Colleague: 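Mind having a look at this structure? Questions to follow.
In what follows, every chain begins at residue 1, and chains take the letters A, B, ... in the order their sequences are listed. The figures here come from the full heavy-atom set of this structure, side chains too, leaving out hydrogens, waters and symmetry mates. Just so it is clear, the structure is predicted and the values come from calculations on it, not from any experiment.
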Amino acid sequence: MLDIQFIRDNPELVQRKTEEKGYKNINIAELLRLDEQRRGLLTEVEDLRAQRNILTAEMKGQKPSPEQIEQGKKLRERVTEGETKLRELDGQYWLALKAVPNVSLDIVPVGASEDENVVIRTYGEKPEFDFTPKNHWEIAEAKGWLDKERAAKIAGNRFVYLKGDLVLLEFALWQHGLNTLTNPEKLRAIITGAGLQNVSDKPFTPVLPPAMARTEVYQATGRLNKEEQTYKIEGEDLWLNASAEHTLSPMYIDEILPEVELPIRLVGYTTAFRREAGTYGKDTEGFLRLHQFNKLEMESFTTAETSFEEHLFLVAIQEHLMQTLGLHHQVLEKCTADIGLPNVKGVDLNVWLPGQGQYRETHTADYITDYQARPMKTRVRRTDGTIELVHTNDATAFSQRPLIAIIENFQTPEGDVIVPEVLRPYMGGRERI
RNA sequence: GGAGAGAUGGCAGAGUGGUCGAAUGCGCCGGACUCGAAAUCCGGUAUACAGUUUUACUGUAUCGAGGGUUCGAAUCCCUCUCUCUCCGCCA
């Protein structure tokens, strides 16, 4: 949610930025009309309440006269009438306000679709094979690592049984991610490597968060605008999370955090559930796009001045993690159409998949400023006593997708997979599986 | 799942229809005393929104959340959430 005062002060800017993101049906002038009406009515209602309070104070401990009671009744009627109108107007106003996307930074490329994302860095090169590389699902199925038929029998399409060494490899990935993010020395090296000397080297706190959240919480995070993506628990006011971010970012809802506690850095592991409505027939092979997958997610709460560098830091971590696996990838500055409603900027990492001959997204980093903190009322009390909204950043540490990249990039002619060196300690030292 | 108790400011804890945004204590901030500190004393110490004479003042709202009764609700009623105790069940 944007600051209404900011919209009042910059209506043209907000309208333009909204359109650049591809939101064609949002009318800022209309929102400001609602805002003005609402404030006018609010003043009226508050005046009536003030009159009522004065009348009540007059009565104090003594018995009210019939005239006073009569006057009070009239006032109550008018207050109730005003409040009813205000509630209706309020509903329209908040709906309109929440629909306004965050204002993208000027450095974000303007584009109409993800095709206009800009490659800003590339790591490594496409590996050469003296045989025809296979798809990850061909290898995984041959190895007995992937069973989709039985999963379909049990839960339907887009579910899998992952088995055997691939499961060990997945757990190795989580271990590698957690060990990196909880180690200040490694974080310092990443900070130095990225030229971000001012960034704190405070380690991430590992978290196993709830995998469900109430409607109220989901709405506050501004992430339930996609009900076609999120599973609802029948008979309960609960939704299955589509990312650890959904239960990490609202952790400090309604709280004022002391500045000394910032930055708060969390790395949460959870299973994510997505309905993937509207993607029928897309990416049905293998385990690239599932209804259920696991993910290690980073979440940061910082002050306003440090949030941009925090975002760059999270991206640097993502690049570092993929580099330690030796996977060729591109870093993309996402364009206005692709960064999403709450973002002012966003970065994707796309990894090369030789078995499919294309790049696919493994990581995303969202720079959100105070857009989520505002409805969540997550604030910081600065050392000088002033209270401000915190800034939030979230970014993927690892999902299961890098496993796909490992299988396809490090496959052998025999159909084995070479284990990346950094994962071997978690694989009993094995070099290939 | 059943029975009961409860939720008040940073914390503890008064308050059962009327000057209650809320006693008191602790904590915190400022001041006095002191060479300094402790102790003591004095003063201050919530958040959000709106308005204005816009670094200050005024108004409104907030006593878990939402709704209701009433001239008037922290206080009465209803619904929900959470916490605690006991029973049952379970990892």
Side-chain angles (χ1 to χ4, degrees), chain A residues 1-9 31-98 100 208-221 224 232-239 247 250-262 264 270-271 301 370-390:
Chain A
M1 182 171 100
L2 277 183
D3 181 6
I4 185 64
Q5 192 58 52
F6 179 82
I7 302 177
R8 286 173 199 150
D9 294 342
L31 168 65
L32 289 179
R33 264 195 297 281
L34 275 172
D35 172 47
E36 212 172 308
Q37 279 178 34
R38 177 180 161 276
R39 277 188 291 165
L41 191 55
L42 183 63
T43 305
E44 276 179 43
V45 170
E46 285 185 354
D47 278 351
L48 288 170
R49 284 180 186 151
Q51 286 179 44
R52 183 180 62 185
N53 288 345
I54 290 166
L55 181 68
T56 303
E58 279 170 11
M59 297 181 203
K60 289 185 189 173
Q62 50 192 297
K63 259 200 162 181
S65 67
E67 292 78 28
Q68 283 175 317
I69 289 180
E70 192 51 37
Q71 204 183 340
K73 275 188 177 173
K74 278 195 181 132
L75 267 175
R76 186 178 67 198
E77 274 169 31
R78 293 175 62 196
V79 168
T80 306
E81 192 190 338
E83 281 174 342
T84 307
K85 274 197 271 182
L86 185 61
R87 203 174 306 175
E88 193 190 323
L89 202 56
D90 237 24
Q92 295 174 31
Y93 165 75
W94 285 109
L95 217 62
L97 179 58
K98 285 188 173 182
V100 180
L208 292 174
M212 300 181 200
R214 300 181 206 283
T215 304
E216 193 187 357
V217 173
Y218 249 106
Q219 279 170 347
T221 63
L224 197 64
K232 176 78 164 55
I233 305 294
E234 193 180 347
E236 304 278 344
D237 181 34
L238 288 171
W239 300 76
T247 45
M251 234 177 120
Y252 301 100
I253 214 160
D254 268 326
E255 292 189 41
I256 300 174
L257 304 161
E259 183 175 352
V260 291
E261 286 183 16
L262 300 183
I264 292 175
T270 185
T271 302
F301 302 85
D370 59 9
Y371 191 87
Q372 271 190 332
R374 184 167 292 109
M376 293 192 299
K377 301 188 181 75
T378 302
R379 290 154 293 169
V380 52
R381 191 187 305 276
R382 304 301 298 255
T383 42
D384 69 2
T386 57
I387 289 168
E388 300 168 1
L389 291 164
V390 300

Colleague: Report, as a single string ordered 5' to 3', how protein heavy atoms within less than 4.0 Å touch nucleotides 43-52 of chain B: B base, S sugar-phosphate only, - not at all.
Modeller: ----SSSSS-

Colleague: Is any side-chain heavy atom of A/Asp370 closer than 4.5 Å to one of A/Asp3?
Modeller: no

Colleague: B/G59 P sits how many Å from A/Asp47 CG, rounded?
Modeller: 12 Å

Colleague: By ring pair (Phe, Tyr, Trp, His ring centres under 6.0 Å), which residues pair with A/Phe301, not counting sequence neighbours?
Modeller: A/Tyr252

Colleague: List the residues meeting side-chain contact (heavy atoms from CB on, under 4.5 Å) with A/Arg49, not counting sequence neighbours, and say none if there are none.
Modeller: A/Val45, A/Glu46, A/Arg52, A/Val79, A/Glu83

Colleague: For B/G59, give its Watson-Crick or G-U wobble partner with both distances under 3.5 Å, or none.
Modeller: B/C49

Colleague: I'd like the P distance from B/U8 over to B/G4, given in whole Å.
Modeller: 22 Å

Colleague: Could you work out the separation of B/G6 and B/C80 based on their C1' atoms and round it to a whole Å?
Modeller: 16 Å

Colleague: Using the P atom as the point on both nucleotides, what is the distance between B/U53 and B/U58, in whole Å?
Modeller: 16 Å

Colleague: Taking A/Thr270 for the side chain and A/Pro209 for the main chain, is one N or O donor matched with an acceptor at less than 3.5 Å?
Modeller: no

Colleague: For A/Arg382, enumerate each residue passing the salt bridge (Lys or Arg N to Asp or Glu O under 4.0 Å) test, keeping only those at least two apart in sequence or located in another chain.
Modeller: A/Glu259, A/Glu305, A/Glu388

Colleague: Taking the C1' atom in each of B/C42 and B/U54, what is the distance between them to the nearest angstrom?
Modeller: 32 Å

Colleague: Mind checking what makes salt bridge (Lys or Arg N to Asp or Glu O under 4.0 Å) contact with A/Arg379, not counting sequence neighbours?
Modeller: none

Colleague: Mind checking who B/U83 pairs with, Watson-Crick or G-U wobble, both distances under 3.5 Å?
Modeller: B/A5

Colleague: Going by salt bridge (Lys or Arg N to Asp or Glu O under 4.0 Å), name the residues that satisfy it together with A/Arg76, two or more places apart in sequence or in a different chain.
Modeller: none

Colleague: Roughly how many Å apart are B/C11 and B/G66, using the C1' atom of each and rounding to a whole number?
Modeller: 28 Å

Colleague: Quick one: look up who B/U54 pairs with, Watson-Crick or G-U, both distances under 3.5 Å, and put none if it's unpaired.
Modeller: none

Colleague: For A/Leu95, give me all partners under side-chain contact (heavy atoms from CB on, under 4.5 Å), at least two apart in sequence or on another chain.
Modeller: none

Colleague: Taking the same atom, P, in B/C26 and in B/A38, what whole-Å distance lies between them?
Modeller: 15 Å

Colleague: Tabulate protein N/O versus nucleotide N/O from nucleotides 61-65 of chain B, keeping only pairs under 3.5 Å, one per line.
Modeller:
from: B/A61; atom 1: OP2; to: A/Asn53; atom 2: ND2; distance (Å): 3.2

Colleague: Given that both distances must come in under 3.5 Å, which nucleotide forms a Watson-Crick or G-U wobble pair with B/G18?
Modeller: B/C71

Colleague: Strictly by Watson-Crick or wobble contacts shorter than 3.5 Å, is anything paired with B/U40, and which nucleotide is it?
Modeller: B/A32

Colleague: Whole Å only: how far is the CD atom of A/Gln71 from the C1' atom of B/G72?
Modeller: 13 Å

Colleague: Would you give the length of the straight line joining atom CG of A/Leu42 to atom OH of A/Tyr93, rounded to the nearest 0.5 angstrom?
Modeller: 10.5 Å

Colleague: List in chain and number order the residues that pass side-chain contact (heavy atoms from CB on, under 4.5 Å) with A/Leu208, two or more places apart in sequence or in another chain; answer none if no residue qualifies.
Modeller: A/Tyr269

Colleague: Suppose we screen for salt bridge (Lys or Arg N to Asp or Glu O under 4.0 Å). Which residues come up paired with A/Asp47, at least two apart in sequence or across chains?
Modeller: none

Colleague: Measure all distances between protein nitrogen or oxygen atoms and nitrogen or oxygen atoms of nucleotides 79-82 of chain B, and list the pairs falling under 3.5 Å.
Modeller:
from: B/U81; atom 1: O3'; to: A/Arg214; atom 2: NH1; distance (Å): 3.4
from: B/U81; atom 1: O3'; to: A/Arg214; atom 2: NH2; distance (Å): 3.0
from: B/U81; atom 1: O2'; to: A/Arg214; atom 2: NH2; distance (Å): 3.3

Colleague: Within this structure, what is the CD-to-P distance between A/Glu70 and B/U70, rounded to whole angstrom?
Modeller: 14 Å

Colleague: If you measure from the P atom in B/G25 to the same atom in B/G64, how many Å do you get, rounded?
Modeller: 23 Å

Colleague: Between B/G67, B/U60, B/C71, spot the one nearest the side chain of A/Arg87, thanks.
Modeller: B/G67

Colleague: In whole angstrom, give me the gap between the C1' atoms of B/U79 and B/C86.
Modeller: 26 Å

Colleague: Run the side-chain contact (heavy atoms from CB on, under 4.5 Å) test against A/Glu216 and tell me which residues pass, sequence neighbours left out.
Modeller: none

